[in-house]
Amino acid sequence: MWGTGWRDEVWSQLDQEWDIIVIGGGITGAGILREATRAGLKALLVEQRDFAWGTSSRSSKLVHGGLRYLKEGHVFLTWTSVQERDRLMEEGKGLVEPLGFLVATYKGDSPGRWTYEAGLSIYDLLALQWSHDYYSSEDFQMLAPHLSTKGLEGGFRYGDAQTDDARLVLRIIQEAVADDGTALNYACVEALLRKDEKNGVAGVVLHDMTDPPRAPAEVRAKVIINATGAWADRLREQVGASSRIRPLRGSHLIFLAWRLPIAQAIGFLHPIDRRPVFIFPWEGITLVGTTDLEHEQALAEEPHITPEEVSYLMAAVEAQFPSLNLTLDDVTATFAGVRPVINTGKVDPTKESRDHVVWEEGGLLTVTGGKLTTFRVIALDVLKAVRERLPEMPELKRDAPVLNPVYVEGRSLEPLDEGACPELVEGTCRRLLGRYGAEAAALVEAANRGELRAIPGTQTLWAELRWAARAEGVVHLEDLMLRRTRLGLLLPTGGSNVLPEIRAICQAELGWDDARWESEEAAYLALWTSAYSLPERAAIPDWTLSLAEVREQRIAEQPKRRRRLLQRVVSTVVMAGLATAITVVYLRGRGKVTRPS
Ligand SMILES: Cc1cc2nc3c(=O)[nH]c(=O)nc-3n(C[C@H](O)[C@H](O)[C@H](O)COP(=O)(O)OP(=O)(O)OC[C@H]3O[C@@H](n4cnc5c(N)ncnc54)[C@H](O)[C@@H]3O)c2cc1C
């Protein structure tokens with residue numbers, strides 16, 4: 001798709017009147033590009049770094065309704081999300097896969113069993129399915145071995161889904177490009193071209209971020225869409241709008257699956273602040289996340305986990321899996337992302353809404369907030385908002401599949417499962433079709449001998465690296481290691497041990513000489529160390545102390561809690577007694593209650 005010379009070709013075509021320019025190559029921008037091309041619009045997407053470089057490669061990778069959002073009263077968001085989840089699971093097999101979720105209930109927990117039962121029933125009803133069940137303590141331990149059993153009463157299991165977020169973005173962009181869309185990574189919008197106050201924005205000034213850079217280009221379009229997520233305020237300022245984004249950071253820890261073995265996701269309340277935290281299996285590793293904090297690091301820099309966040313997440317793991325004795329030596333990688341949340345000034349960041357917004361300001365349309373899961377709905381909302389400025393746009397096909405079909409009734413349309421590739425087992429075919437869509441067959445064909453094997457410790461094939469280097473717009477080694485493949489997250493030390501093999505496959509495909517490879521390798525390893533590994537050990541607060549403090553506090557509060565419970569019981573009994581007495585007096589007054597003779 002993006003072979004040799006593709007960037008020159010795209011730059012040479014920029015000088016034309018586009019219908020839409022989408023700024024931002026995350027899931028939001030990708031979704032808009034896809035729906036715009038489906039509507040036959042001439043659409044261009046530009047991304048300042050790599051496709052999915054922003055939050056869309058740093059999410060928790062869940063395609064979900066969000067039980068938490070239900071608890072906060074966002075019923076519509078949850079309903080939309082579960083509908084989209086089910087649609088994506090159907091259309092994106094091999095990329096969006098079902099994932100079981102477990103929620104343990106412990107003695108004295110709040111919320112307790114019946115609150116969860118009510119929440120999960122509503123959750124299932126919204127999806128028109130019944131996926132949850134309650135298990136006794138013994139059965140629950142079979143589902144989640146190693147889980148803390150102290151006070152365990154039992155737990156629920158329900159169904160959601162997960163994906164590879166960066167590959168989801170890539171697949172959508174690639175399908176939009178196959179449908180006559182245009183997408184360019186490492187192209188940053190530094191300024192907006194203004195018509196005048198009344199007529200708004202006429203285009204963008206685009207800077208090439210590759211080395212050596214081409215001269216900046218002025219690119220014009222009827223509609224300019226700002227889909228830059230946490231960075232949205234930077235462009236909004238240029239049309240005189242005031243800042244409204246509250247960047248909130250969420251970080252994760254990564255463990256090798258054999259050290260923190262779980263077969264399904266486990267959700268629980270953090271022992272310190274009672275926020276929901278998840279531990280889940282993904283691509284053969286185990287993720288623990290997430291935090292939700294004001295992001296005070298510069299937005300231009302790669303976000304990274306702080307020592308305090310490491311301690312917070314380790315405390316969660318320790319409290320939930322005490323018998324595993326996990327230490328910092330077991331953490332193989334970390335990553336952090338920034339939520340583009342709309343600032344309504346809530347004291348607790350977790351309480352800010354996660355819904356999306358579409359703002360029209362001085363001719364610039366900004367879309368931000370929202371979730372990975374709901375990208376299609378967001379894209380359709382955006383196109384609806386620009387209809388007036390694009391009167392020739394046909395009616396939007398709201399029911400069209402968002403991912404091109406590659407499976408028909410469980411069978412692939414591509415020749416992958418028809419004997420063309422006997423080396424691949426069915427699960428691998430499904431995975432390739434999900435991730436690469438119509439390009440999967442070409443990927444397999446491009447593989448050299450032995451490259452259809454998985455890289456040890458992962459499900460990634462060596463052939464995926466060759467294909468990415470050849471045809472997926474890789475500009476830097478980090479694109480290949482962190483987003484086209486996820487080896488930088490899946491392998492210890494960012495996959496440094498397999499870099500010689502990767503070089504043997506990819507250097508020639510990328511057209512890099514030895515000096516370029518070596519500088520790319522050094523830059524990638526420096527980036528991995530600063531943003532994807534643990535911070536300085538000495539700076540990480542001892543989480544066992546925080547846990548001990550919480551335990552002591554709980555013990556100290558026990559008499560107070562008992563007193564409060566007793567007060568509640570007494571006042572309920574008194575109120576019930578009073579109500580009965582009043583009813584009896586009232587009814588006797590009306591002659592309906594008679595004294596026994
Ligand atoms: C820790 C965490 C966990 C999450 N987990 C989930 C989850 O499990 N499920 C779920 O559904 N959602 C989840 N989300 C939410 C979801 O990830 C985000 O809502 C979504 O990825 C935002 O996508 P976006 O395209 O709007 O922003 P981004 O992905 O950030 O994309 C914006 C892009 O714009 C680019 N850009 C910025 N300025 C310019 C410019 N001037 N020129 C060109 N390009 C520019 C940036 O480089 C960036 O790549 C999570 C979020 C976080 C932070």
Side-chain angles (χ1 to χ4, degrees), residues 59-93 96-163 260-271 274-282 286-290 316 319-321 350 354-355 371-374:
S59 78
S60 298
K61 288 119 185 63
L62 304 177
V63 174
H64 65 154
L67 201 53
R68 181 162 76 79
Y69 308 126
L70 194 60
K71 180 178 155 256
E72 275 145 30
H74 303 299
V75 180
F76 186 70
L77 175 62
T78 312
W79 180 77
T80 313
S81 306
V82 290
Q83 304 301 319
E84 292 304 301
R85 173 198 70 192
D86 292 353
R87 172 191 264 271
L88 282 166
M89 274 201 286
E90 186 53 38
E91 292 173 14
K93 291 183 176 107
V96 182
E97 294 285 13
L99 177 68
F101 270 73
L102 303 173
V103 180
T105 54
Y106 288 92
K107 213 167 150 196
D109 255 5
S110 173
R113 173 175 173 179
W114 298 110
T115 313
Y116 277 120
E117 178 65 60
L120 287 168
S121 301
I122 298 172
Y123 198 58
D124 273 350
L125 284 174
L126 292 173
L128 297 178
Q129 64 177 17
W130 200 255
S131 79
H132 78 275
D133 272 312
Y134 186 78
Y135 295 87
S136 67
S137 168
E138 293 73 41
D139 289 347
F140 197 77
Q141 284 174 57
M142 301 286 281
L143 294 174
H146 313 295
L147 194 77
S148 169
T149 51
K150 199 166 163 223
L152 182 69
E153 285 182 332
F156 290 93
R157 185 194 179 280
Y158 66 99
D160 252 324
Q162 71 176 171
T163 189
L260 181 44
I262 47 168
Q264 18 203 349
I266 299 180
F268 56 95
L269 298 179
H270 195 286
R274 316 300 289 163
R275 267 190 65 251
V277 181
F278 291 98
I279 301 186
F280 42 94
W282 181 70
T286 302
L287 295 178
V288 179
T290 167
Q320 206 66 22
F321 291 95
T350 304
R354 306 295 144 120
D355 215 346
K371 298 167 62 186
L372 194 77
T373 311
T374 51

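The structure displayed is predicted, hence computed values, not measured ones.
- Taking every heavy atom of both residues into account, A144 and L102 meet most closely at CB-CD1, 3.8 Å.
- The existence of a salt bridge linking E91 and R87 is confirmed by a sub-4.0 Å separation between a basic side-chain nitrogen and an acidic carboxylate oxygen.
- Taking both residues in full, the closest heavy atoms of V82 and G65 are given as CG1-CA, 3.6 Å, listed atom of the first, atom of the second, then distance.
- Sequence neighbours left out, the pairs with a member in residues 145-161 that pass side-chain hydrogen bond (donor to acceptor under 3.5 Å, both in side chains) are R85-D160, Y123-D160, R157-Q264.
- The side-chain heavy atoms of V288 and F321, taken from C-beta on, include no pair separated by under 4.5 Å.
- F101 is not listed as a side-chain neighbour of H132, based on a closest heavy-atom distance of 4.5 Å or more.
- H74 has its side chain out of reach of D355: every pair of non-hydrogen atoms, C-beta onward, lies at least 4.5 Å apart.
- In this structure, the side chains of L147 and Q320 come closer than 4.5 Å at one or more pairs of heavy atoms.
- Side-chain atoms of K371 and L77, non-hydrogen and from C-beta on, do get closer than 4.5 Å to each other.
- Between V277 and G289, the closest heavy-atom pair is CG1-O, 3.3 Å.
- With a 4.5 Å cut-off on side-chain heavy atoms, T373 and L62 do not count as touching.
- Looking at heavy atoms from C-beta onward, L120 lies out of side-chain contact with V103 at the 4.5 angstrom threshold.
- Among residues two or more places apart in sequence or in another chain, the side chain to side chain contact (heavy atoms under 4.5 Å, CB included) test is passed with S59 by K61, D165, L372.
- Ring pair Y106/F268: centre-to-centre distance not below 6.0 Å.
- Take P98 and apply the side chain to side chain contact (heavy atoms under 4.5 Å, CB included) test, not counting sequence neighbours, and it matches M89.
- The minimum heavy-atom distance between L126 and T78, with the atom names listed, is CD1-CG2, 3.9 Å.
- Annotation: the span from E138 atom CD to L143 atom CG amounts to 12.0 Å, rounded to 0.5 Å.
- Rounded to the nearest 0.5 angstrom, R113 CZ and F156 CZ are separated by 5.5 Å.
- Annotation for S131 and G159: closest pair OG-N, 3.2 Å, computed over non-hydrogen atoms.
- In this structure, NE2 in H64 is found 7.5 Å from CZ in F278, a value given to the nearest 0.5 Å.
- Checked against T105 for a side-chain hydrogen bond (donor to acceptor under 3.5 Å, both in side chains), the options Y134, Y135, W114, Y116 give a single hit: Y134.
- Minimum heavy-atom separation, T286 to L260: OG1-O, 2.8 Å.
- Checking side-chain atoms of W79 against main-chain N and O of A127 turns up no donor-acceptor pair under 3.5 Å.
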